[in-house]
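When a residue number appears, it is its place in the shown sequence, counting from 1. Everything numeric here is computed off the predicted structure, so don't read it as measured data.
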Amino acid sequence: MNEKFATVPKIVKGNTWYIYFQCWHPLKQKLMPKKIYRGFQSLKTNKEKLAHGKKLCAEYEEKLRAGWNPWEKQETIIYTDEIAYHNQSKIQGKRKRSVKNLRFYQSSYLEWKKPEVKKKTFQSYTSKLRKLCLWTEKNGFGNYDISCINNTIMQKFFTYLDKDLNLDRLTIEKYEQNIRDFFRWLKKEKKILENPIYDIQKPKKKKDCAARPIPRNDLSLLLTHIQDHDKQLFLACLFQYYCFIRPGEELLSLKIKDINFYSGIIRMNQLDAKNKETEIVNMPDQLLDLCVNVYQLPHF
């Protein structure tokens with residue numbers, strides 16, 4: 001243990017048992033004594049108290065090594081809870097008073113993340129971080145200092161996703177990606193020393209969720225039917241097929257001015273493109289010919 005920051009926790013015996021250590025107080029600028037009485041009063045024999053004291057010493061030594069400070073944890077702040085469900089927020093309000101625990105930092109992270117991602121992506125981050133937050137609170141880690149949410153705890157959470165919720169490998173990998181980004185932000189903000197998302201064991205793929213391809217004969221019949229009954233939908237299908245333009249925001253936001261009919265390219269707006277950068281998509285001659293001669297899209 002770094003003596004400049006804290007001393008090693010020790011058991012103090014007597015009429016009242018407790019563990020004792022000193023820790024650096026950021027306001028008083030010196031080591032201050034800290035006594036932990038938790039759990040001793042309910043124990044009857046010295047043997048039970050000794051075993052309990054050893055467990056507490058190991059727990060608090062690990063927390064101190066991870067950067068936890070008992071004086072900072074007592075600081076109470078008011079923040080906007082971005083993790084609460086919408087209906088719960090309407091009833092209770094989003095403003096919360098709390099110590100700087102996982103829920104607080106997740107809310108701060110989501111406030112920071114919200115302006116840079118699309119609504120659907122933000123909802124994905126929120127739902128996965130909410131699942132982590134509720135699990136930690138249910139399992140007794142809710143008020144842990146953020147630096148004490150370690151790899152052991154995270155391994156238990158991902159085991160819960162696999163064994164209890166029976167999530168598929170691809171979904172668990174998405175959880176891993178989003179939660180790792182949250183802890184990466186915490187490390188950048190110097191709130192933790194190490195990102196606890198590593199060596200995550202993921203299950204084998206449980207089911208094949210990939211879309212089944214439409215048989216070639218059926219596809220020909222389907223496209224012919226669409227072409228005869230909905231020409232606008234048929235053109236949208238061609239843009240997806242030839243140019244790999246996504247059917248959501250990208251295709252819906254596409255404008256005539258984004259198409260250069262002379263160069264045969266489509267300039268995807270960076271606000272609509274998935275990677276937030278302007279993309280240039282080449283148009284094949286068949287699609288260009290259809291746009292100009294059949295659909296007669298304005299190209300002057």
Side-chain angles (χ1 to χ4, degrees), residues 85-87 110 113-131 161-162 165-179 181 202-300:
Y85 286 102
H86 178 65
N87 289 339
L110 289 172
K113 191 77 175 176
K114 192 172 186 177
E116 71 171 31
V117 296
K118 293 184 178 181
K119 182 178 179 180
K120 188 175 180 180
T121 304
F122 180 76
Q123 290 172 340
S124 175
Y125 273 93
T126 302
S127 66
K128 290 173 175 59
L129 291 177
R130 179 187 289 127
K131 184 75 70 178
L161 296 180
D162 174 22
L165 298 188
N166 197 33
L167 298 184
D168 195 48
R169 181 185 179 94
L170 187 62
T171 303
I172 291 179
E173 286 176 347
K174 192 64 179 177
Y175 269 90
E176 181 183 16
Q177 176 186 336
N178 289 4
I179 295 173
D181 188 69
K202 293 179 284 294
K204 294 181 179 179
K205 194 166 183 62
K206 299 173 183 176
K207 53 186 177 181
D208 185 4
C209 298
R212 294 288 183 267
I214 302 174
R216 184 175 294 275
N217 291 338
D218 292 346
L219 180 60
S220 178
L221 290 172
L222 177 61
L223 286 176
T224 300
H225 179 81
I226 293 174
Q227 184 177 20
D228 293 340
H229 293 82
D230 193 332
K231 295 189 180 299
Q232 186 178 30
L233 177 59
F234 181 70
L235 183 60
C237 293
L238 296 181
F239 271 99
Q240 293 177 61
Y241 178 78
Y242 284 114
C243 302
F244 300 100
I245 295 178
R246 300 174 185 89
E249 290 291 329
E250 289 186 356
L251 188 58
L252 289 173
S253 303
L254 190 64
K255 299 178 177 61
I256 293 292
K257 67 178 182 179
D258 297 326
I259 305 174
N260 187 324
F261 291 96
Y262 297 99
S263 302
I265 61 172
I266 302 172
R267 184 180 295 274
M268 300 301 301
N269 191 305
Q270 63 177 350
L271 296 177
D272 305 317
K274 189 173 183 179
N275 62 5
K276 291 294 184 181
E277 296 179 359
T278 300
E279 294 182 0
I280 302 298
V281 180
N282 292 315
M283 296 177 67
D285 293 338
Q286 302 97 310
L287 182 57
L288 269 172
D289 182 66
L290 279 169
C291 288
V292 174
N293 298 316
V294 178
Y295 285 88
Q296 298 183 344
L297 298 183
H299 54 282
F300 296 104

D181 side-chain N/O to N178 backbone N/O, donor-acceptor pair under 3.5 Å: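 Checking the backbone N and O of N178 against the side chain of D181, no donor-acceptor pair under 3.5 Å is found.
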Heavy-atom pair of closest approach, residues S253 and D258: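 Between these two residues, the closest heavy atoms are O-OD2, 4.0 Å.
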C237 versus L223, closest heavy-atom pair with distance: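 Taking C237 first and L223 second, the nearest heavy atoms are CB-CD2, 4.5 Å.
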Of D228, L221, L222, the residue whose pairing with T224 passes side chain to side chain contact (heavy atoms under 4.5 Å, CB included):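 The side chain to side chain contact (heavy atoms under 4.5 Å, CB included) with T224 is passed solely by D228 among D228, L221, L222.
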Verdict with supporting geometry, C243 and L287, side chain to side chain contact (heavy atoms under 4.5 Å, CB included): CA-CA 9 Å; C243 302; L287 182 57; 3.6 Å; yes
Distance in Å, [X] [atom1] paired with [Y] [atom2], rounded so as to fall on 0.5 Å steps:
X	Y	atom1	atom2	result
Y125	K174	OH	NZ	6.0 Å
L235	Y295	CG	OH	5.0 Å
E250	I245	CD	CD1	7.0 Å
L288	F261	CG	CZ	7.5 Å
L252	R246	CG	CZ	13.5 Å
Q227	L238	CD	CG	8.0 Å

Y241 OH: over 12 foreign heavy atoms closer than 6.0 Å: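 Incorrect, the count does not exceed 12.
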Exceeds 12 heavy-atom contacts within 6.0 angstrom, atom CD of Q286: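 Yes, because the 6.0 Å sphere around CD of Q286 holds more than 12 heavy atoms from other groups.
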Stepwise side chain to side chain contact (heavy atoms under 4.5 Å, CB included) test for L251 and Q240: CA-CA 8 Å; L251 188 58; Q240 293 177 61; 3.8 Å; yes
Ion pair check, E249 and K118, cut-off under 4.0 Å: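 Salt bridge absent between E249 and K118.
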Any side-chain heavy-atom pair of F239 and I259 under 4.5 Å: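 F239 reaches I259 side chain to side chain.
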Polar side chain donor-acceptor pair, S127 to K131, under 3.5 angstrom: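 Their side chains do not contain a donor-acceptor pair, so the 3.5 Å distance test is not met.
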D162 and R169: CA distance, side-chain angles, deciding distance, side chain to side chain contact (heavy atoms under 4.5 Å, CB included) verdict: CA-CA 8 Å; D162 174 22; R169 181 185 179 94; over 6 Å; no
